[in-house]
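Here is the naming used below: chain letters follow the sequence lines, and residue numbers restart at 1 for every chain.
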Amino acid sequence: MLNTGCARQSPWQPGILRVNLGTEPPTLDWHLSVDMISFEVIQNIMSGLTQYSNGVDGAKLTCQAACAKKWEVLDGGTRYVFHLRDDIYWTDGKKLTAKDFEYAWQRLIDPATGAAYAHFLYDVINAREINQAQIKDLSKLGAKALDDLTFEVRLNKPAAYFIYLTAGPTTFPMRKDIVEAYPGRWTEPQNIITNGAFKLDSWQHEYKIDLQANEKYFGGRPKIDKIKMFMIPEQSTAFSLYQNDQLDFIDNRSFTTSDIAQCKKDPNFKTQALLRAQYLGLNTLKSPLNDVRVRKALAMSIDKNIFPKILRRQETPMQSWIPPVLTGFKQDSGIAFNPEEGRKLLALAGYPGGKNFPRTEVLYVSREDTKLGLEAIQAELKKNLGISIELVNQEFKVYLTTRKLHPPHMIRASWSADFPDTDNFMSVFTSDSGNNYTGFKNKEYDRLVEAARGELDNEKRALLYSQADKLLCKENAVLIPLYMATQCVLYKPWVHGIDVNALDIQNYRTAYLEGSN
Amino acid sequence: MKEPQKRFLKQFSRMPMACGSLVFILIISVIAILNSLGINLSPYSFDQTSSDILQSPTFAHPMGTDELGRDLLSRVFFGSQLSIGIGIFTAVMSFLIGTVYGAIAGYCRGKVDAILMRIVDVAYALPDLLVMILIGVMIGRGTLGILLALGLVSWRGTARLVRAQFLQLHQEEFIEAARALGQNHLDIICKHMLPNSLGPVIVAVTFTVPMAILSESTLSFIGLGLSPPACSWGTLASDGWRSLRTTPHLIFFPGIFIFMSVLSFNFLGDGLRDALDPRTKASSKQFF
């Protein structure tokens, strides 16, 4: 670098944390967002009934008090009563009440909202019926404000994981007056009203989101004044910016696979195993994948041990859909690598040696490491089965629309756990799930998942889940699990107090900047 | 051999840079043609993965390997097919469309010329990259889309050039003589006007080859080019760019090939221009 002779500036600005979001968040409406980018922003500007303790092991995360100072579990686990703190204010000065939760939950399951995560609340009385338009009256929902500071939830039957839902963005409170006053635009910075540690200051689309410390935050004003969240999709560009002190804290989104070796030398480099499964979703309705033998052949012909070698972030290869740390995991629930058997099945399906195999597309999000992994899969399938698959990349928002409206043969997708419970993984592929793009509808699978949901005996629950997992991955090969991802973070020496957890929730409220210039 | 051809060869052979460029282009073209015929000069296939990931150049892999353990040399050879192919195809497209279009405008003159040239003006005003992206999106990714996109933006210069040549030739006496003798329009165009305007056109077309190679690289670089595992020098450079810091050989080799071929076509164009233009004196030749 040329030294131009100017006075040397501090490489960081006091009180300002600069991070990279990677892309534009598709929406900040926490009922409509389905992706980690939106959630990262929402988690920092909003606060729910509970929040996760900071933990390292995915299975050991617990819920702590947040907006609710305490809660009671009554009637054998079918009734939850939350007692709210009475010192919580929205950013416009209005007091937070249980009504705000009641409205938010009603809006979430209102079919008119079209929330992909509405099924999260299906355990609540009448939620499923309202969401499927069998009951029109929203107030029939079993979640009610008993008074300003008491929120009561009634469940159809006990659900072991229910409390986790109250820590996720989906169940955050919402202001009825604001949402209704600015339909479709209420999440813009000039309209949005929040209650979290930070508030949305400005949103320059496709460039930057600024968050400002919320002076009135009930958990105490955060130590940093401002977070600048840039949207830099190119990993190598983001890494250059980090190296030039233009970013303070970066993660997987901001360095390429080839930068990993260099990052690992940095003392401030951390790797965290995530509850994030990477998979290929197969469209069970589209030829040639509507033939289960073809799907199985594909699943048998991808050696998943190549991923940690190529991607080099300590990924754990997966065969089954249930991650190893969660209830119900069994090594043999999935399809093992067996190219010989795969070739036989493909021949039985009418494509011996991959001959006449129709054009098959895989849709993926334009990201460098995703593409690299897919090229490896492409080479595996060519080598083991003699078939060529076509890779189609799309920008994130376009990808989300395409997979919803015109799902191609395969999608390369990623499922990040919303809460550390097997149910969160299994309910992705139920018939009524808004995240199931495979066309797979199986009554037996739905029954098993439903039964496991209400089962309080952990051993029986594990058995039900492993049966469902087997049905999904081994017998029907609806998806090909690839690997469990990790989150690698790299931060400048002046950054302190950011915890990374298995759910990849990045909360900046405890962060602070300190150090010599 | 006729006198002009002899003179051309003599002039051309005096320019070592142009000759060297021609040799380089011929070698690359042979590699590209062999590759498209399925004859691979390297022991590895372009999409053959291995466990030797990101190796620096060695005897087994003279250009090293990429992130999936694919031999870079065979990928660069494979890429030459598309890069050189696209370059030549675009030049041919530009020559064919441009010459016919320019000839009609230049020969008919008057209203036809005015209308045709305004269309060219409009086409010129559209930003190339935007047009190429649009066509790429409409036709879809892959070789066909790139070929059409590049072909459709490259003919305008040639059209203008041919028209200008034709307008000039109208004044010449031998054209007037041909017309007076009652030759039909097609004969006048094909036998008299075209051969006399070809020199500058060939030179201009030579320059479209490097333009096309660079444009293809640009398109691939921004992700609108080929879909994997197919590769061109552009996609190789684009992929290698990621690991510039750690494994520079991944961008170095494809980069060198793009650089060398673009430079070669430019030198060749320069050489052809000087050799074809009777007005340039041999004594005033540049030092190369």
What part of [X] lies closer than 4.5 angstrom to a heavy atom of chain B: side chain, backbone, both or neither?
X: A:E375; value: both
X: A:E234; value: side chain
X: A:T237; value: neither
X: A:A376; value: both

Top of A:E380, A:Q378, A:K309 for chain B proximity - count of heavy-atom pairs under 4.5 angstrom: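 Heavy-atom pairs under 4.5 Å are most numerous for A:Q378.
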Flag the pair A:K371 / B:D239 as yes when at least one side-chain heavy-atom distance between them is below 4.5 Å, and no otherwise.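 When only atoms from C-beta onward are counted, B:D239 and A:K371 do touch, with a gap below 4.5 Å.
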B:D128 with B:R156: basic N within carboxylate O range, under 4.0 Å: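 Looking at B:R156 together with B:D128, the answer is yes, because their closest N to O distance falls below 4.0 Å.
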Should the pair A:D245-A:R18 be classified as a salt bridge under the 4.0 Å nitrogen-to-oxygen rule?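 No, no charged N to carboxylate O under 4.0 Å.
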With under 30° as parallel and over 60° as perpendicular, where do the rings of A:F357 and A:Y351 fit, or are they tilted in between?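 Rings of A:F357 and A:Y351: perpendicular, over 60°.
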Is there a donor in the side chain of B:T158 and an acceptor in the side chain of B:S94, or the other way round, less than 3.5 Å apart?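 Note: B:T158 and B:S94 side chains meet the donor-acceptor criterion.
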